[in-house]
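Below is one structure, written out as structure tokens; comments come after it.
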Amino acid sequence: IMKKIMQLVMMAVVACFFAVGAGSVGQVEAAALYTPATYWNGNANYPVAFTQAGVNRYVDLSSAKVEEQTENVEDNIKTAIFTYDVIMVNEQGVETSKFSYRTKIKFVGDEVFIFSARRNNDGWAQLSDRSFDQPQYNAAQILAEHFNINK
């Protein structure tokens with residue numbers, strides 16, 4: 001029973017890290033988008049977005065959709081909004097939970113900005129490429145590459 005409680009606590013903490021973010025503001029100079037190192041069971045439909053403490057977060061590309069896409073050629077700005085699922089998998093390779101996300105990626109010249117939809121889709125919170133934001137930040141870059149949306 002103690003093991004089950006610890007699993008539930010760990011899943012709650014990881015979910016908070018992934019969904020909430022630290023509220024930090026970040027931008028990254030022009031570089032290649034995040035490239036997944038592995039896939040769940042070798043299936044290219046499930047690239048890994050983040051791994052920590054034996055828990056892997058995989059983007060489910062079959063669930064991913066481009067909700068909106070815009071381009072302003074004159075100002076060199078591209079924006080895309082994605083909806084997608086992330087599957088959390090434990091050290092034994094067993095799915096422990098699934099979460100749905102809505103994320104926006106914005107290319108402005110050589111800079112990349114990534115945002116997470118706030119609760120009830122009430123605006124956007126900018127994500128950084130560090131700490132609590134990193135899993136969702138990486139997932140957005142995987143999706144940009146998957147849908148060939150880049151600078």
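One is the number of the first residue; the rest follow in order along the sequence.
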Could you tell me whether the side chain of V112 reaches within less than 4.5 Å of the side chain of D129, counting heavy atoms only?
-> no
Qualifying residue, where the test is side chain to side chain contact (heavy atoms under 4.5 Å, CB included) with Y84 and the options are V66, T103, D60 | T103
Would a distance-only check, ignoring hydrogens and angles, find a side-chain to backbone donor-acceptor pair under 3.5 Å from S63 to D85?
-> yes
Taking the side chain as every heavy atom from C-beta outward, state whether S100 and T83 have any pair of such atoms under 4.5 Å apart.
-> no
Y101 OH to L143 CG distance, which is reported to the nearest 0.5 Å | 12.5 Å
How long is the gap from CG on D133 to CZ on F50, to the nearest 0.5 Å?
-> 10.5 Å
Residues passing the salt bridge (charged side-chain N to carboxylate O under 4.0 Å, His left out) test with R102, sequence neighbours excluded, are E67
NZ or CZ of K106 within 45° of F113 ring axis and under 6.0 Å = no
Of all the heavy-atom pairs spanning A140 and I114, show the shortest one and how long it is.
-> CB-CG2, 3.6 Å
For residues 71-82, which residue pairs qualify under salt bridge (charged side-chain N to carboxylate O under 4.0 Å, His left out), counting only residues two or more places apart or in two chains?
-> none
Taking the side chain as every heavy atom from C-beta outward, state whether F107 and N76 have any atom pair closer than 4.5 Å.
-> no
In Å and rounded to the nearest 0.5 Å, what is the CG to OH distance from N56 to Y39?
-> 13.5 Å
Do you know the tightest heavy-atom contact between T96 and V89?
-> OG1-N, 4.2 Å
Looking only at atom types and distance, does a side-chain atom of R57 sit under 3.5 Å from a main-chain N or O of V55, one as donor and one as acceptor?
-> yes
Looking only at non-hydrogen atoms, find the nearest pair between R118 and A125 and report the distance.
-> NE-N, 3.7 Å
Correct closest heavy-atom pair for I105 and A144 would be CD1-CB, 3.9 Å
Would you say the side chain of S97 lies within less than 4.5 Å of the side chain of F99, judging by non-hydrogen atoms?
-> yes
Short side-chain to backbone donor-acceptor contact, N41 and N43, under 3.5 Å | no
Rounded to the nearest 0.5 Å, what separation is found between the CD1 atom of I77 and the CD atom of E111?
-> 10.5 Å
Under 30°, 30 to 60°, or over 60°: which ring-plane class applies to W124 and F115, parallel, tilted or perpendicular?
-> perpendicular
Here the gap from T38 atom OG1 to Y46 atom OH, rounded to the nearest 0.5 Å, amounts to 14.5 Å
What are the two closest non-hydrogen atoms of V59 and A139, and how far apart are they?
-> CG2-CB, 3.6 Å
Min side-chain heavy-atom separation E95-W40 under 4.5 Å = yes
For residues A49 and N138, report the shortest heavy-atom separation together with the two atoms involved.
-> O-ND2, 2.8 Å
Mind checking whether Y58 and V86 have side chains closer than 4.5 Å, heavy atoms only?
-> no
Interatomic spacing from CZ in F132 to CG in L127 - rounded to 0.5 Å | 13.0 Å
